[in-house]
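Residue numbering restarts at 1 for every chain, and letters A, B, ... go by the order of the sequence lines.
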Protein chains: 2
Amino acid sequence: MSKASGKTKKDDRISSICEALRQAIIEQALKPGTKLPEDALGERFGVGRTIARQALAQLASEGLVDHKRNKGAEVATPSWEEARDLFDLRMSLERLVVSRLAGNLTKEQIAALRQHIAKEDAARNTREAISVRLATEFHTMLAEMTGSPVLVRYVQEICRRCGLTLTLYARPHSSDCAINEHIEILDALEKGDADAAARIMHHHLEEVANRALISPVNTHAPSLMDILAPYAAVEEAESGAKVSQMAGKAVNGHRRRKSSPA
Amino acid sequence: MSKASGKTKKDDRISSICEALRQAIIEQALKPGTKLPEDALGERFGVGRTIARQALAQLASEGLVDHKRNKGAEVATPSWEEARDLFDLRMSLERLVVSRLAGNLTKEQIAALRQHIAKEDAARNTREAISVRLATEFHTMLAEMTGSPVLVRYVQEICRRCGLTLTLYARPHSSDCAINEHIEILDALEKGDADAAARIMHHHLEEVANRALISPVNTHAPSLMDILAPYAAVEEAESGAKVSQMAGKAVNGHRRRKSSPA
DNA sequence: GAAACGAGGATTGTCTACAAGATGGTGCAT
DNA sequence: ATGCACCATCTTGTAGACAATCCTCGTTTC
C-alpha cells in the first residue's frame, strides 16, 4: 500500500541536511571546532535559516555539534573523557548487538556484510576519513540487522560520535587490522559463536579506542562553502535510482585536492 | 526578585517546555494520541510557534511524540513490538548501570537513593501515574551516578518511553513489589555485589515488562484498524477460514513506517 | 604603552507573515 | 438518496523581519 520510497528530497529537507553534515563531519571535511553559521548553511543547501537551524539542533542533540547560546553552533570537539565514555558504552552496546546476531543472520545479510567489508578493503589506501566512515557503516549495518530500532538509533549515534573522536585523535595506518577484525567478527557470527563474536568485538573496539589517545591536531577549515559543495551535491545523488533533474544546484564536483586516483 | 529562582526562565525555554511536556506525558495528563498543535502549545507557554515547534521536534527525536508531516504532532502510542524492544534494551542498559555502580556508591548517593525510595513509598497510594514517574526517576538517578553522560541520556530516554508504555498498558496495583525490588537493588549495590544487583535489576525489569506487556487489549484507545483487522481479513478469505484463532492472538501490527533498509 | 571603554558589525533568538497541504462541509449531479 | 467534486478553514512548513546579544577593533585615558 505504500509507494512512498524515494522522496527523501522533498519529504524532509532537514534530514537531508543532517545527513550531509554528518558525512562531512565524519569524513573530517568539517573539522572539530569549525563554526557552522546558520546563514551559510542555509545558503549552501538552498533553504532558509529556519531549516538550517533545525538541522543544527538535531545534530546538537546527537552530540555531533556543540550549540552554545548566542554563540552559534560548531562541530563538536569531544574531550578525552567523553571519548573514553563513548567507547565504553559503545563496547557494551555492540556486545549486545553481536550476542543478538550470532547464528541469526540470513545468507543475504552475511553477503551484504562481506560486500561491505570488500568496500572497506578497497578504500584502504584512500583518505583515512573514508575508512573511518566505512568502518562506522559496518557497525551500523550490524545494529540494523538486530531489527531493534532503538538499538539501531543508539549504536548509530554513538558510532558517529566515536568516528568524530577518531578523526580527532587517531593516528593513521591503523585500519588494516580493523578490517581483519571485522572479518573475524562476521565469521564468528556466521558460525553462531556468540561468545567469540562478543570477545572479538570487545577486543576490536578496545584496539580502536586505544589508538585514539594522543596528538590533538587542530587546523582551521579554509572555506565552508567549498567544503560543503560536494556534500550538498551528494545529498541528491545518494538517493539512488532516481537521479532527477537537479538543474539549479549545479554539481560542481571539484573534490578535495587530496584525492587523485591513479 | 526574579534572579533568585534559577535560570530556567530565560536560559532555555525550549528545554523547559520539553520537560513540562515530558512530565505531562509520563503522568498521563496527556494521553497517547492527544494532538499537540503548535499554536496551542505556544499560547499556553507564552511563546511563538517556533519555540513550540522546536520543543516538539526534540520530543519527537526522543520518541515521546509522533510527528507526521503536515499532520501535526501527537503523543506517541508505542506499539506492542516497540514496547518489547524498549524493555529489552532497557534491561541491558540498566544491567550495565548497576554493574558499574556496585560497590562504588558514596554514602551520600546511597542516602539520596534511600530518600527517593521513601518518596516512592509515600506516593504509593496516590495516582498510578505518579508512582510511575517516581520509579522512573529512581532508575534515572542510578544512571546519573555512573557519571557517564551518554549512558544517562540513553537510560533517561528509554525509561521515559517505557514509562509512557506503562501508562498505556500496565494494570494498577503493581508498584508495591517494585519498591521492594528497588530496595533490594540498592542493598546489593551497597554491598558491592554486582552480580546480585544485575540479577535483581533484570528480574525487576522483567516483572515490570511482564505486567505491562501481557495483554495489549487493555488499552482504552484501541486502534480501530486493529479491531477491524480480523474482519477485513475474513472478507478477503471469504470462505472456510475461521476467526477464532485471531481472537486469541490479537497482536497484529498493521501499517508501520516503510523504512526497512536492506 | 597598556588597559579599559565604546561603537560597529555580525550572528543568533524569536516572531509573524505568507504559502502549501489537509480536513471537513456543502452543493450538485446522477 | 448516494456519491463526487469543489470550496472554506484550519494547521503546518518555511522564509524573512526585527530585536537582542556577542565579538572585534578602534579610541581614549592613565
Side-chain angles (χ1 to χ4, degrees), chain A residues 1-4 7-21 30 33-61 64-77 220-221 223-225 227-228 232 235-236 248-249, chain B residues 2-3 7-21 30 33-61 64-76 223-225 255 257:
Chain A
M1 53 177 75
S2 56
K3 57 171 181 57
K7 320 172 54 169
T8 33
K9 187 73 188 342
K10 182 106 165 69
D11 202 19
D12 198 352
R13 292 190 278 179
I14 298 173
S15 299
S16 317
I17 296 175
C18 278
E19 191 51 37
L21 288 176
L30 291 173
T34 304
K35 275 275 290 173
L36 298 170
E38 299 169 356
D39 274 331
L41 288 182
E43 184 179 358
R44 164 49 69 195
F45 289 101
V47 297
R49 261 193 340 120
T50 305
I51 307 300
R53 185 181 183 76
Q54 289 185 36
L56 286 174
Q58 171 68 26
L59 293 178
S61 85
L64 284 183
V65 316
D66 203 5
H67 206 158
K68 278 162 297 197
R69 184 177 180 85
N70 279 324
K71 293 182 67 177
E74 61 182 41
V75 180
T77 308
H220 60 288
S223 161
L224 185 63
M225 298 299 277
I227 291 173
L228 285 179
E235 153 196 354
E236 298 186 356
K249 278 309 177 206
Chain B
S2 54
K3 46 176 49 180
K7 357 184 253 185
T8 25
K9 51 187 194 313
K10 195 75 164 91
D11 193 25
D12 197 351
R13 292 189 278 178
I14 298 173
S15 298
S16 316
I17 296 175
C18 277
E19 192 52 35
L21 289 176
L30 292 172
T34 304
K35 275 273 292 174
L36 300 171
E38 299 168 355
D39 273 332
L41 288 182
E43 185 177 358
R44 182 65 190 81
F45 288 99
V47 296
R49 272 201 316 131
T50 305
I51 308 299
R53 183 181 182 76
Q54 288 184 37
L56 286 175
Q58 172 69 26
L59 292 179
S61 85
L64 285 183
V65 315
D66 203 7
H67 206 158
K68 279 161 295 195
R69 183 175 179 88
N70 279 325
K71 292 183 67 176
E74 62 181 42
V75 180
S223 167
L224 195 59
M225 298 302 286
R255 73 271 182 266
R257 60 175 181 276

With the side chain of B:Lys35 defined as its heavy atoms from C-beta on, choose the nearest nucleotide among C:dT14, D:dT11, D:dC22.
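For the B:Lys35 side chain, the nearest candidate turns out to be D:dT11.
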
Side chain of A:Arg53, heavy atoms from C-beta onward: which of D:dT12, D:dC22, C:dT14 has the nearest atom to it?
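The listed nucleotide nearest to A:Arg53's side chain is C:dT14.
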
In whole angstroms, how far is the [atom2] atom of [N] from the [atom1] atom of [X]?
X       : N      : atom1 : atom2 : value
B:Asp39 : D:dC10 : CG    : P     : 11 Å
A:Asn70 : D:dA19 : CG    : P     : 17 Å
A:Leu41 : C:dA10 : CG    : C1'   : 16 Å
A:Gln54 : C:dT14 : CD    : P     : 13 Å
A:Asp66 : C:dT12 : CG    : P     : 14 Å
A:Leu56 : C:dG13 : CG    : C1'   : 14 Å

Residues in side chain to side chain donor-acceptor pair (under 3.5 Å) contact with B:Glu43, at least two apart in sequence or another chain:
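In terms of side chain to side chain donor-acceptor pair (under 3.5 Å), with neighbours along the sequence ignored, B:Glu43 is linked to no residue.
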
Within the pair A:Arg13 and D:dA15, is there a side-chain N or O less than 4.0 Å away from OP1 or OP2?
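Checking A:Arg13 against D:dA15: at least one side-chain N or O falls below 4.0 Å of OP1 or OP2.
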
Heavy-atom count around B:Lys71 NZ within 6.0 Å, excluding the residue itself: above 12?
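12 or below, so no.
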
Test side-chain contact (heavy atoms from CB on, under 4.5 Å) applied to A:Ala52 - qualifying residues, sequence neighbours left out
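For A:Ala52, the residues satisfying side-chain contact (heavy atoms from CB on, under 4.5 Å) (neighbours in sequence not counted) are A:Leu41.
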
Given A:Thr34, which partner from the list A:Val65, A:Thr77, A:Val75 fulfils the side-chain contact (heavy atoms from CB on, under 4.5 Å) test?
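It is A:Val75; the other options fail the test.
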
Lys/Arg N to Asp/Glu carboxylate O, B:Arg53 vs B:Glu38, below 4.0 Å:
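A salt bridge is present here (some side-chain N lies under 4.0 Å from a carboxylate O).
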
Contacts to DNA chain C from residues 43-52 of chain B, heavy-atom cutoff under 4.0 Å, which residues?
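The answer is B:Val47, B:Gly48, B:Arg49, B:Thr50, B:Ile51.
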
Could you say whether A:Lys71 or B:Lys71 is positioned toward the 5' end of DNA chain D, judged by the nucleotide with the nearest heavy atom to each?
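First, find each residue's nearest nucleotide; the 5'-ward one identifies B:Lys71.
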
Determine whether B:Glu74 and B:Lys68 make a side-chain contact, defined as any pair of heavy atoms from C-beta on separated by less than 4.5 Å.
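Yes, close enough: below the 4.5 Å cut-off.
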
